[in-house]
Amino acid sequence: MSPEEFRRLGHLVVDWLADYRANAGSKAVACNASPGDLLAQLPKAPPEQPEGFEAILSDLDDLIVPNLAHWQHPNFFAYFPSNGDLSAVLGDFLSTGLGVLGLTWQSAPALTELEDRVTDWLRQMSGLADSWQGVIQDTASSCAMIALVAARERTTKHGAVTTGMQHGQAPLVVYASTEAHSSIQKAAMLAGFGCDHVRKITVDANRAFDVAALREAITTDLNSGLRPCAIVATTGTTTTTAFDPINELANVAEQHGLWLHVDSAMAGTAMILPECQPLWHGIDRADSLVVNPHKWLGVSFDCSVFYVRDDQHLVRVMRTDPSYLRTTIDDQVKTYRDWGVALGRRFRAMKLWSLIRTHGTERLRTRIRRDLDNARWLTEQVEADPEWRLLAPMQLQTLCIRHEPVGVTGDALDKYTLDWLQRVHDTGRAWLTPAQLDGRWMVRVSIGSLTTEREHVAALWQLLQEVTAT
Ligand SMILES: *Cc1c(COP(=O)(O)O)cnc(C)c1O
């Protein structure tokens with residue numbers, strides 16, 4: 001495609017996206033597609049002759065959009081938000097259009113230095129000490145794996161990197177709470193710990209890591225000749241947004257020489273509010289931390305920021321230094337390929353930079369406060385209604401709720417919950433996700449899409465009354 005064709009078609013694409021976003025709220029938010037619906041409409045073989053880009057645009061409307069759920073919809077209350085502010089979309093577009101690759105500092109100096117600076121901006125915005133160094137990865141899942149590899153190498157004094165799984169020492173153990181994200185289990189599997197060596201520690205009444213139970217588990221493992229290696233704490237768990245007590249976990253980590261990784265994928269964004277920062281008190285004592293600006297903050301997916309306090313250790317673990325990538329200034333610059341798995345690096349910093357500069361930190365904080373207010377408002381409505389129950393403390397912007405009519409219990413309650421949730425989705429007027437808590441289904445209401453205002457939350461509450469009216 002020539003630059004002139006690109007200029008013409010690019011305007012069409014921008015117009016198409018602007019219309020899509022402007023009208024996002026008018027569509028049914030969840031998707032009713034059945035498996036294979038799109039496949040049945042796609043040619044089995046690629047075109048031999050040019051079809052032109054316009055053909056793609058018309059298929060967007062006819063084939064693609066009908067087979068999508070709309071994540072940027074104001075009635076999106078599912079999972080956690082994945083906000084792609086249009087400023088970040090433009091940053092992402094620029095990054096792709098520049099088509100540069102960070103292999104070394106020299107291969108795209110601005111790519112490395114902008115990433116260095118904007119991750120530091122986010123560090124400052126979040127009230128973190130200046131001892132943290134940031135790097136952008138694809139997802140929190142990858143960050144968890146990198147953290148556990150770094151932990152493994154610290155405990156084995158770089159032994160596992162040298163001799164691999166044959167290092168012949170006692171097994172290493174990872175500790176996380178039962179509420180930790182599934183990516184922690186996956187990270188431990190892939191980092192070579194083995195599922196048998198992931199301890200899922202019980203939680204307290206607030207669904208936060210039970211530190212006494214952790215201490216017991218560590219003692220038991222030590223007495224069995226195993227080697228405790230890492231603790232993974234979560235600030236803002238996926239099911240209920242519970243906060244593990246970071247400072248107390250840091251005490252345990254320090255006492256036993258364990259790596260402390262903090263998964264703050266969702267709630268990290270709230271830390272741009274000074275009033276939320278006590279929720280991760282002690283954070284500067286952790287070894288690694290992940291926050292996902294691609295969730296609530298507004299950076300279009302994917303943009304996960306991984307912070308470490310000892311970047312030299314991380315680089316030593318990941319470094320391979322092949323001759324074809326060596327340059328004369330390597331010792332004066334950051335070489336981000338040694339901070340993770342991938343060699344080639346996208347210019348992801350561009351979209352974080354775009355978001356922060358377009359809005360400024362004050363406006364970003366105002367939006368996050370709006371969402372916290374909306375969640376508190378809905379919590380008040382739920383608590384004031386005798387048939388509804390709030391099943392976990394509402395800490396940020398996610399409510400765990402259930403409608404419990406008198407006499408409906410046990411398996412019947414599970415069926416009842418999933419049935420009314422289906423009725424919600426059938427209306428197309430909201431999208432919520434169910435999850436199990438203490439073995440029973442409940443519904444999560446996650447508030448925080450860019451365009452979700454009080455009126456949308458009020459309409460949701462109205463809808464919940466309608467689908468549960470008898
Ligand atoms: C969303 C989330 C994850 C997974 O994030 P990805 O970036 O999709 O890997 C992990 N942990 C928590 C607490 C999350 O909220």
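Counting starts at 1 for both ligands and their atoms, following the listed order. Just the heavy atoms: all of them, side chains too, but no hydrogens, waters or symmetry mates, feed the values below.
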Pair S288-W259, side-chain donor/acceptor within less than 3.5 Å: yes

With side chain to side chain donor-acceptor pair (under 3.5 Å) as the test, would you mind laying out the steps for T139 and D302 before giving the verdict? CA-CA 7 Å; T139 60; D302 54 351; over 6 Å; no

Pairs under 3.5 Å, nitrogen or oxygen of ligand 1 with protein nitrogen or oxygen:
{"residue": "ligand 1", "atom": "7 (O)", "partner": "A140", "partner atom": "N", "Å": "2.7"}
{"residue": "ligand 1", "atom": "7 (O)", "partner": "N292", "partner atom": "ND2", "Å": "2.9"}
{"residue": "ligand 1", "atom": "7 (O)", "partner": "H294", "partner atom": "NE2", "Å": "3.4"}
{"residue": "ligand 1", "atom": "9 (O)", "partner": "A140", "partner atom": "N", "Å": "3.3"}
{"residue": "ligand 1", "atom": "9 (O)", "partner": "S141", "partner atom": "N", "Å": "2.9"}
{"residue": "ligand 1", "atom": "9 (O)", "partner": "S141", "partner atom": "OG", "Å": "2.5"}
{"residue": "ligand 1", "atom": "11 (N)", "partner": "D263", "partner atom": "OD1", "Å": "3.2"}
{"residue": "ligand 1", "atom": "11 (N)", "partner": "D263", "partner atom": "OD2", "Å": "2.6"}
{"residue": "ligand 1", "atom": "15 (O)", "partner": "K295", "partner atom": "NZ", "Å": "2.7"}

On a heavy-atom basis, the closest approach of K351 and D92 is NZ-OD2, 3.5 Å

Going by the angle between their ring planes, with limits at 30° and 60°, are Y79 and W431 parallel, tilted or perpendicular? perpendicular

Evaluate the ring planes of W16 and Y20, with Trp represented by its six-membered ring, and classify them as parallel (under 30°), tilted (30 to 60°) or perpendicular (over 60°). parallel

Can you see whether R285 engages N247 through a side-chain donor-acceptor pair at a distance of less than 3.5 angstrom? yes

